[in-house]
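Chain A is the first sequence line, chain B the second, and so forth, proteins listed ahead of strands; every chain is numbered from 1. What you are looking at is a predicted structure, and each value in this text was computed from that prediction instead of being measured.
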Amino acid sequence: METASDPFGSADRLPSFFILLAITQIFKGSSVDRDNEGETDTTVLAHAEQQYRHLTLKQQRERLPVFKLRKYSIWRRNRRLHCGLKLTSLTIVGRELLYAVATYQTTIVIGQTGCGKTTQIPQYLEEAGWAKNGKQIACTQPRRIAATSVAQRVADEKNVKLGAEVGYIIRFDDQTSPKTQIKYMTDGMLFRETMIDPLLTNYDVIMIDEAHERSLYTDILLGVLKKIQKKRPDLHVIISSATLDAESFYRFFNHNTSKDTTKDTATIISLEGRMYPVDTLYAEEPLADYVEGAIQTVFDIHTKEPHGDILVFLTGREEIDKVVSEIYDRAKTLPRSSLHIDPLPLYAGLTQEEQLRVFEPTPNDTRKVIVSTNIAEASVTLEGIVYVIDCGFVKIRAYNPKNGMEALLVAPISKASALQRTGRAGRVRPGKSFRLYTEETYNTLRDTTVPEIQRTNLAPVILQLKALGIDNVLRFDFLTAPPAAFMVRALELLYSLKALDDVGRLTIPLGMQLAEFPVDPMLGKILLSSGDFHCSQEMVTIAAMVSVQNIFIQPSRKMDKLAVMDIRRQFWVEEGDHLSLLNVYNGFVQRGGKSGKWCHDRLLNFKALSRAIRIRQQLVRYLKRFKVPLVSAMDGTSLDQDKQRQQASERIRKCLVSGYFSQAARAEPDGSGRFRTIRDGVLLNIHPDSVLFNRDPKCVIYHEIVETNKAYMRDITTIDESWLAELAPHFYQYNNVKKRPPTASH
DNA sequence: GAGCACTGC
C-alpha cells in the first residue's frame, strides 16, 4: 500500500489501487484497507469525469502524474510499492527523470497504465534537447494499434501533423519523414532495423515501453541493446515496466559490479498511476464450473449492484459464445422493470464490425456485459467498465521441443495478470473485481507470466541473431534465457533447412536470406526454392495466406451447418488446404474484385484477405531482390487443361515438401483416421476445419499443430511419401546416422 | 465426429 507522503500529492491525485475483501453470496472476505470513502459517490465521480473530458489537451497533459515529475528536482522515495516489492536499495534519491536519463545509460521507469509515460516521456526528452542533429527518439510498443494511436495523440498534443516531428512506423505503414524526432514503432520493427543498422545510430534515446509484457521481440531487443550500449555509451535506454519486473531489468542493465552505487549505470524511477480503487472479492470455495460461475455472478451484479458495465474474462470462443447466449436467454426471466442486459462477445476472431460493437454506447436503462478473451487484458481498452469477473485462466501457447509442437493450453493466470484484469474495473470510477477462485488459489499463482521467449519455437529468432553477427546464441545475454532444449531443437531444424552449416554458422546466401525474410524459416525456404519448382507465383500467394489469421469467419450458431459447408466447399481442392487457400485468394482478387460484400457472402474475412494482398506484395519484393524468378505453375505447357492442373498441383505440393519436410505425417494403418509424424512418431489428427477432414489421405505435410483436447494438424496438403526421400534425403534417409545437431558456436 | 489465446516482420 502506498503510505509515504510525496511532494506531488494534490487534490486530483486519486487513491492508489488497493484491495478490499467483502462479503456477498458466494464471496467471502474481510475489509482490510480503505482510504477515501467519499470517492464512491458515483454521481460526484461522473461529474468529475465529465469535467476532465472538457479539459484541453494541454490541461489534460499537465494533470498527468508524470507531468509533475518535471517540476520538482527533488524526488525521494523510500517505501513499499503497491505490489509489495521493496525497492529501497534501488530507489534513486533526488533525481528527476531527465537527470536520470542524462546520467544513467539505462533508466527503468515504473508506471501504471494511464500515468502518461508513453505519451509524455518522449516529449520531455525532445523538449530538453534530445533528438537533435538528425537523431531520433524511438519508443517501441508490442502492438501496432498502440504505436499508431499513441503517435497520433502526441502529434495532436504538440499540434503537429502526424508524420512530421512525430511519427510511427509499423509493417506496411511508415508515417515518418526526415523531420521526425519522436518515432513510435512496434518492437519487431526496431529489431528489424538492427539488421540494417546494427548500432541503431539513428537514435540517441530508445524507450522500450510495456517491457513487463515480455513480448518476444522486446526480450531480444533488451539483449541487443545491452550489447549496443557497450559500443555506444551515448545511447540512452529507457525501459518502462510494471512494478514486479523492475528489479530484474535493473539487474540486467546495471553493469556496475562494485558496491559503490554512484557507479551504477542503471536506475529506477517510479511514477504514480491514475487509478480508482477496486474492491477485490474471491470465491469462498473453488468453483466446479467457472463458466456457470461467471453467468451467475453476472446476474448477481446485475440485480444487486449499481449501474456500470461488466467485463468477463474467459479463455476462448467456445466459452464466450456459451456465456453470451446463456445470459441472453436467462435475461428474459428478469422482471420487466429491471435494467436491461446486453451481452457482447469479444475475441480476435470476430470481424471488425463485430468487435466494434463493444464500443457502442448503451442506453441508460441497459447494462453492457462484455465477455472477452485475454484480448481485453492489454490489447483493447474498454471504457466504462466498473465490474470485472475473472475466471483465473488463460489460453497460452506452449512449445514442446521434444516433438517441435506448439500447443495451446488452458493455464492458470499469473498474479500480474490477475492484477491487470482487476485494474480494468478502475479506469472511470471505483469498481469491483470478482475472482472466480479462492484467495488460497490466488496465492499459489506465479508472479508473472512465463515470457514468450521461453515458450516459443526459436528457429526464427536464432536465425536473426546470427544474421546480426551473434554466432554464439547459446551464450547470448537474454534477460531470461530460453531452455537449452528449445535452442537445440531450433538449431537442428535450421541445419536441416541448410540455413546453418556444419559448425552452426549462417550459410550464404540461403541462411542470410531466410533471416531477412519476414516469414517462418520453413516457409522462407519454400519461397526461395519456388522458382526451381516453377510455381513461385502460386507459392507466394499461399505463403501470404498462411501468414494471415482468421481468413474464415465462424458462422453464427443460427446458421445451417450444411449451408455453411456448401459455401466453404466452393473453394475446396482435394489435394488439401494450401491449394484451397490459393483458390480463395484468387477468387477474392479476380472474381470478387476485392470487395467486402463478396467476402461476406462467402464467410470470408475481408480485412484478413486485404492484409494477405499486402503481405503478398511485400514477399514479391523480397523474391525479386533474392533473384527468384516469378513464374506460374500454369505457364508454358501445351498440355490439356486437366493435365496442366495436375502438373501445377504436383509442382506446388513438391515445393511445399522442400520446406515442410520435417512436418510430414503418415496415416495409421488401423483406419482410425489418425496420423503419426514420420520423424518422431507423434500421434496427430486432422483438424475439423481442414479440407482433408474425413477424406483419408495417406501421407500429408502440415503447416502447424494446435493441441487442445487432441493434437490437430492445421493447413494440410496430401503428398506422395516418396517425395520426402527425393526432396529431403538428408533429413529422412540418413536421419539415424547423421543426427548430430550443429554446434552452437564456431 | 469435433473445433485457435494474443501479437510481430
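Contact record, A:I615 with A:S547: CD1-CB, 4.3 Å, taken as the closest heavy-atom pair.
To the nearest angstrom, C1' of B:dT7 lies 10 Å from CZ of A:R455. Here the C1' atom of nucleotide B:dG8 and the OH atom of A:Y168 are 16 Å apart, to the nearest Å. For A:R714 and B:dA2, the CZ to C1' distance is 13 Å, given to the nearest whole Å. Distance CD1 (A:I551) to P (B:dG3): 22 Å, rounded to an integer number of Å. Between A:D173 atom CG and B:dC9 atom P there is a gap of 10 Å when expressed in whole angstrom units. Distance CG (A:L350) to P (B:dA5): 11 Å, rounded to an integer number of Å. Regarding A:E213, its CD atom lies at a distance of 14 Å from the C1' atom of B:dA5, rounded to whole Å. A straight line from CD1 of A:I220 to C1' of B:dT7 spans 13 Å, rounded to a whole angstrom.
Across the interface with DNA chain B, nearest-nucleotide mapping of A:K395 and A:P518 shows A:K395 to be the residue nearer the 5′ end. Comparing A:D689 and A:A348 by the nucleotide of DNA chain B that holds the closest heavy atom to each, the one mapping nearer the 5' end is A:D689.
Note on A:R397: a base of the nucleic acid sits closer than 4.0 angstrom, heavy atoms only. If you check every strand for non-hydrogen atoms under 4.0 Å, A:T373 touches sugar and phosphate atoms only. Contact annotation for A:L216: no contact, since no heavy-atom pair falls under 4.0 Å across all strands. Residue contacts shown for A:I375 are limited to sugar-phosphate atoms, with no base heavy atom under 4.0 Å away. Nucleic acid contact class of A:N685 (heavy atoms, under 4.0 Å, all strands): none. Nucleic acid contact class of A:Y347 (heavy atoms, under 4.0 Å, all strands): sugar-phosphate only. Residue contacts shown for A:Q549 include a base, since a base heavy atom lies under 4.0 Å away. Among the protein residues, A:E319 comes within range of no part of the nucleic acid, since none of its heavy atoms lies under 4.0 Å from any strand. Residue-level contact check: A:V706 touches the bases, meaning some heavy atom is under 4.0 Å from a base atom. Among the atoms of the strands shown, none is found under 4.0 Å from any heavy atom of A:N374. Counting any heavy atom pair closer than 4.0 Å across all strands shown, A:F172 reaches no nucleic acid atom.
Closest to the A:E704 side chain, of the nucleotides B:dG8, B:dA5, B:dC4, is B:dC4. For A:N694, taking side-chain heavy atoms from C-beta onward, the closest of the listed nucleotides B:dG1, B:dA5, B:dC9 is B:dG1.
Between A:H687 and the phosphate of B:dA2, there is no side-chain N or O to OP1/OP2 separation shorter than 4.0 Å. Look at A:R192 and you won't find any side-chain N or O under 4.0 angstrom from OP1 or OP2 of B:dG8. Side-chain N/O atoms of A:T186 include one lying less than 4.0 angstrom from OP1 or OP2 on B:dC9. Close to B:dC9, at under 4.0 Å from its OP1 or OP2, lies no side-chain N or O of A:Y217.
The existence of a salt bridge linking A:E668 and A:R676 is confirmed by a sub-4.0 Å separation between a basic side-chain nitrogen and an acidic carboxylate oxygen. In summary, A:R143 and A:E213 engage in a salt bridge, as defined by a charged side-chain N under 4.0 Å from a carboxylate O.
Contact annotation: side chain of A:E516 to base of B:dC9, donor-acceptor pair absent below 3.5 Å.
Within the 3.5 Å criterion, the main-chain N or O of A:K322 finds no donor-acceptor partner in the side chain of A:E326.
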Candidate pair A:S414 and A:T449, rule side-chain hydrogen bond (donor to acceptor under 3.5 Å, both in side chains), full reasoning: CA-CA 5 Å; A:S414 63; A:T449 308; 3.1 Å; yes
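Contact annotation: the side chain of A:T677 approaches that of A:Y702 to within less than 4.5 Å [non-hydrogen atoms, C-beta and beyond].
Figure legend: cation-pi geometry between A:R455 and A:Y399 absent, as NZ or CZ is not positioned both under 6.0 Å from the six-membered ring centre and within 45° of its axis.
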